[in-house]
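Some notes on the structure that comes next.
The sequence lines fix the lettering, A, B, ..., with proteins before strands; numbering per chain opens at 1.
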There are 2 protein chains.
Amino acid sequence: MSDRVTLVDVARAAEVDVSLVSRVLRGQQVKVRDETRTRILDQAQRLGYRPHAIARSLKTAKAGAFGLVIPTFDNPVFAQIIMGAEAAAAQLNCVMMTTSGEGWSRNNWLEALDGGRVDGLLIAGGPTLELANLRVPYLLVNRAVPGIDRSVVLDDEKASRMAVDHLVELGHRRIVFVGGPAGADTANRRLAGFESARIRAGLESLGDPVSGNYTVAGGRLAMQRILTSGMTFTGVVAANLPSAVGALQAAQEAGLHVPERVSIVAIHDAEIAEIVQPRLTTIQMPLTQLGARGIELLSTIPPSAEVNEVVGQPMRLVLRDSTGTAP
Amino acid sequence: MSDRVTLVDVARAAEVDVSLVSRVLRGQQVKVRDETRTRILDQAQRLGYRPHAIARSLKTAKAGAFGLVIPTFDNPVFAQIIMGAEAAAAQLNCVMMTTSGEGWSRNNWLEALDGGRVDGLLIAGGPTLELANLRVPYLLVNRAVPGIDRSVVLDDEKASRMAVDHLVELGHRRIVFVGGPAGADTANRRLAGFESARIRAGLESLGDPVSGNYTVAGGRLAMQRILTSGMTFTGVVAANLPSAVGALQAAQEAGLHVPERVSIVAIHDAEIAEIVQPRLTTIQMPLTQLGARGIELLSTIPPSAEVNEVVGQPMRLVLRDSTGTAP
DNA sequence: CTGAAAGCGCTTACAG
DNA sequence: CTGAAAGCGCTTACAG
């Protein structure tokens with residue numbers, strides 16, 4: 001903007017030095033005559049002065065902002081993480097800038113976010129490989145990568161265990177798992193949790209886990225494959241909401257009533273669980289807390305400190321209509 | 001970071017002046033001996049130099065970034081706008097920073113985004129009132145405010161008209177409108193479009209429009225009120241997807257089969273339309289294009305120029321299972 | 001082909 | 001109580 005009002009404009013108008021204006025305007029407890037302070041404040045107001053965050057950043061080496069990289073905005077799971085992170089950042093008087101890096105190549109992406117624009121980066125998606133080159137402090141969120149000891153995750157294993165336990169309590173003994181994509185570490189943990197709970201409950205293994213790919217289409221396919229295999233089961237744990245929806249659809253299309261004939265529990269909770277017929281019983285995860293905790297950690301721990309944290313509370317079973325007593 | 005590598009570090013290592021390093025590194029077509037260029041590039045690489053975006057911004061008065069303010073991340077409509085904006089920004093080599101301003105008060109919000117951090121602001125939500133104080137160029141997106149001639153919107157009227165026309169073609173003559181919240185200008189335009197199409201088709205007015213509040217709960221309530229009123233109808237146009245879902249649920253709960261007894265069309269399209277039973281027929285709107293166009297305009301038109309644009313193409317009817325021949 | 005200098009708008013010791 | 005000066009890391013005329 002050509003007509004930007006700077007500190008020197010205010011200083012000139014108030015007939016003081018810019019340094020004094022700077023101190024007064026930032027509300028520092030600086031000893032200054034009331035008269036002078038008023039003059040400065042008045043002029044700043046009159047001229048419509050607004051501090052230049054960029055210039056301040058350069059001087060103080062603090063961006064006053066955090067970044068959050070997610071794989072996509074089209075997912076309520078990330079929406080919840082973002083909300084938590086934004087609230088926590090606002091608490092620190094920092095802005096939260098979220099991006100999916102849509103349209104960016106790896107290198108540009110790095111340059112763009114690693115140039116002093118942010119004081120820290122929360123990474124819930126995007127290219128993991130380049131992390132080593134990052135100069136800005138970062139933290140993996142909802143994602144653990146071996147060898148990178150900078151992450152906060154949820155208790156995915158526990159979520160699966162809660163899901164299994166719920167079905168077991170309802171009398172189910174033959175439970176299948178519709179998992180996530182092979183590459184995702186959350187998928188691995190959810191599978192591990194499923195297996196441990198299954199074994200602990202003394203349930204028979206129903207063969208290799210099948211992937212629902214975290215999508216509706218994938219969940220549907222997974223369920224179709226399970227049905228085709230002729231395997232008998234009465235309970236389903238789906239690794240996330242979309243795949244649960246797909247599994248539900250496939251089951252219904254095959255004529256299996258939910259929950260009379262088969263019960264389904266999904267990991268994660270969102271409005272979509274209330275929209276399908278029947279409404280899905282879910283395991284609600286502390287996603288907002290995860291986002292908030294990410295910012296907290298990023299802003300308090302040293303950039304090179306190891307952190308492998310699990311945000312475990314609160315988690316709860318949201319009982320709806322997709323689960324019932326085993327037939 | 002204490003160990004930040006700066007231009008002077010590279011200059012020292014390559015035994016040249018920083019200005020030369022600056023020119024070479026930015027790939028400017030500067031006449032420089034190949035040998036020197038190689039030396040500079042090598043040293044920059046060796047030291048792991050990364051440009052400091054903030055410092056560059058201060059000097060060039062270009063942030064290399066755009067901001068996008070949305071009311072919430074928990075809405076696929078905004079997800080699509082964001083994706084379009086991000087892609088368009090990347091094209092310009094700019095980062096796109098999206099925020100919902102969660103946890104910010106009005107004033108801080110203003111200061112935070114108006115301090116040189118962004119070259120322009122796309123506003124799809126947040127406090128409209130303060131716009132006049134904004135120094136950074138801005139553009140309203142999916143939103144028109146009287147007196148603020150800086151906006152890009154969709155052709156909401158046409159969307160409603162397409163919805164009505166579709167129902168009319170199927171033989172429906174008694175069509176109700178489940179509108180959006182009273183305050184929303186998109187709601188007004190969709191209502192206007194509904195009315196104009198209704199009148200053009202020679203259909204009787206079925207009383208005052210009812211608001212579904214753009215939410216599932218609101219849509220359900222609206223439908224319940226319509227049903228209670230005893231009004232007869234066979235077609236429903238819902239102003240958005242969630243309210244359509246709510247209306248659908250309420251209709252089904254009242255024993256009205258969809259689409260045998262009542263047909264429902266929703267404005268906007270997203271995966272949720274395929275998840276409900278029956279799948280919803282929708283009017284797909286060019287949300288991605290809207291976001292992209294917002295960035296295009298923001299980056300090309302003068303900050304004070306008037307712009308009132310309608311992104312009209314492409315729009316299409318997505319025929320699914322919630323509409324059928326009038327009974 | 002390369003360098004020296006000024007300056008973007010701030011903040012922060014250091015003086016007085 | 002207030003001011004003068006240096007400097008954050010760059011870029012960009014201007015010299016040579």
Side-chain angles (χ1 to χ4, degrees), chain A residues 1-41 43-44 47-64 111-112 114-117 119 135-136, chain B residues 1-41 43-44 47-64 111-112 114-117 119 135-136:
Chain A
M1 302 279 72
S2 51
D3 58 347
R4 169 165 279 293
V5 178
T6 73
L7 230 37
V8 339
D9 296 322
V10 178
R12 191 149 25 212
E15 298 180 295
V16 292
D17 187 81
V18 308
S19 58
L20 195 54
V21 179
S22 169
R23 283 171 285 212
V24 166
L25 253 36
R26 236 148 358 89
Q28 271 182 192
Q29 25 60 289
V30 55
K31 288 181 201 300
V32 52
R33 274 215 311 271
D34 266 2
E35 185 199 10
T36 316
R37 158 170 285 124
T38 320
R39 196 145 35 92
I40 292 174
L41 259 22
Q43 292 305 321
L47 296 171
Y49 172 74
R50 191 148 310 148
H52 197 220
I54 290 302
R56 178 181 293 178
S57 284
L58 183 57
K59 185 64 197 166
T60 62
K62 299 253 78 202
E111 296 231 338
D114 198 16
R117 249 188 263 267
D119 295 317
R135 246 141 179 81
V136 68
Chain B
M1 301 279 73
S2 51
D3 58 348
R4 170 166 277 295
V5 178
T6 73
L7 230 36
V8 338
D9 296 323
V10 178
R12 192 150 22 213
E15 297 179 299
V16 292
D17 187 81
V18 308
S19 59
L20 195 54
V21 180
S22 170
R23 283 172 285 214
V24 166
L25 253 35
R26 234 148 359 88
Q28 272 182 192
Q29 25 59 289
V30 55
K31 288 181 201 299
V32 53
R33 273 218 308 272
D34 267 0
E35 184 199 10
T36 317
R37 158 169 284 124
T38 320
R39 195 145 35 92
I40 293 175
L41 259 22
Q43 291 304 322
L47 296 171
Y49 172 74
R50 190 148 310 149
H52 198 218
I54 290 302
R56 177 179 296 177
S57 284
L58 184 58
K59 184 65 196 165
T60 61
K62 299 253 80 201
E111 296 231 340
D114 198 16
R117 250 188 262 269
D119 295 318
R135 247 145 179 76
V136 68

For side chain to side chain contact (heavy atoms under 4.5 Å, CB included), just list the numbers for L58(B) and I54(B), CA-CA rounded to whole Å, side-chain angles, deciding distance to a tenth of an Å, and then say yes or no. CA-CA 6 Å; L58(B) 184 58; I54(B) 290 302; 5.8 Å; no
Give the C-alpha distance, both sets of side-chain angles, the deciding distance and a yes or no for side chain to side chain contact (heavy atoms under 4.5 Å, CB included) between L41(A) and T38(A). CA-CA 5 Å; L41(A) 259 22; T38(A) 320; 5.7 Å; no
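Taking both residues in full, the closest heavy atoms of V21(A) and V10(A) are given as CG1-CG1, 3.7 Å, listed atom of the first, atom of the second, then distance. Pairing each heavy atom of T6(A) with each of Y49(A), the nearest pair is C-CE1, 3.6 Å. Here the shortest heavy-atom pairing between L47(A) and A13(A) reads CD1-CB, 4.0 Å. D9(B) approaches R4(B) most closely through the heavy-atom pair OD2-O, 3.6 Å.
For R26(B), a side-chain nitrogen or oxygen approaches OP1 or OP2 of dT11(D) to under 4.0 Å. Taking side-chain N and O atoms only, T36(B) has no distance below 4.0 Å to OP1 or OP2 of dC1(C). Contact annotation: S22(A) does not reach the phosphate of dC10(C) (side-chain N/O to OP1 or OP2, under 4.0 Å). Phosphate proximity of dT2(D) to R33(A): present, with a side-chain N or O under 4.0 Å from OP1 or OP2. Taking only side-chain nitrogens and oxygens, R4(A) never comes nearer than 4.0 Å to OP1 or OP2 of dG9(C).
Rounded to whole angstrom, the span from the CZ atom of R23(B) across to the C1' atom of dG9(D) amounts to 16 Å. Here the P atom of nucleotide dG9(D) and the CZ atom of R135(A) are 13 Å apart, to the nearest Å. Atom CG in L25(B) sits about 14 Å away from atom P in dT12(D), given to the nearest Å. A straight line from CD1 of I40(B) to P of dC1(C) spans 13 Å, rounded to a whole angstrom. The interatomic distance linking L20(A) (CG) with dA13(C) (P) rounds to 16 Å, in whole Å. Rounded to whole Å, atom P of dC14(C) lies 17 Å from atom CG of D17(A). Rounded to a whole Å, the CG atom of L47(B) is 15 Å from the C1' atom of dG9(D). Spacing between atom CZ of R12(B) and atom P of dA4(C) amounts to 13 Å, rounded to whole angstrom units.
Considering only the side chain of V16(A), dG3(D) comes nearest among dG3(D), dG3(C), dC10(C). For V32(B), the side-chain atoms get nearest to dT2(C) when compared with the rest of dC10(D), dT2(C), dC10(C). Distances from the side chain of L58(B) to the nucleotides dG3(D), dG9(D), dC10(D) place dG9(D) closest.
Taking only distance into account, the side chain of S19(A) never meets the base of dA5(D) through a donor-acceptor pair shorter than 3.5 Å. Contact of K59(B) with dG7(C) (side chain to base): a donor-acceptor pair of N or O atoms is detected under 3.5 Å.
Contacts of S57(A) with the nucleic acid, taken as non-hydrogen atoms under 4.0 Å apart, are absent. At the heavy-atom level, T60(A) lies under 4.0 Å from the strands shown only through sugar-phosphate atoms.
Between R39(B) and the choices V24(B), V16(B), D34(B), V32(B), the side-chain contact (heavy atoms from CB on, under 4.5 Å) rule is met once, by V16(B).
Looking at DNA chain D, the stems built from 3 or more consecutive Watson-Crick or G-U wobble pairs, each pair with its key distances under 3.5 Å, are C:1-3 with D:14-16, C:5-12 with D:5-12, C:14-16 with D:1-3.
With hydrogens and angles ignored, the 3.5 Å screen pairs no side-chain donor or acceptor of R56(A) with any backbone N or O of K62(A).
Residues E15(B) and I54(A) both approach DNA chain C. Their nearest nucleotides, taken by heavy-atom distance, put E15(B) toward the 5′ side.
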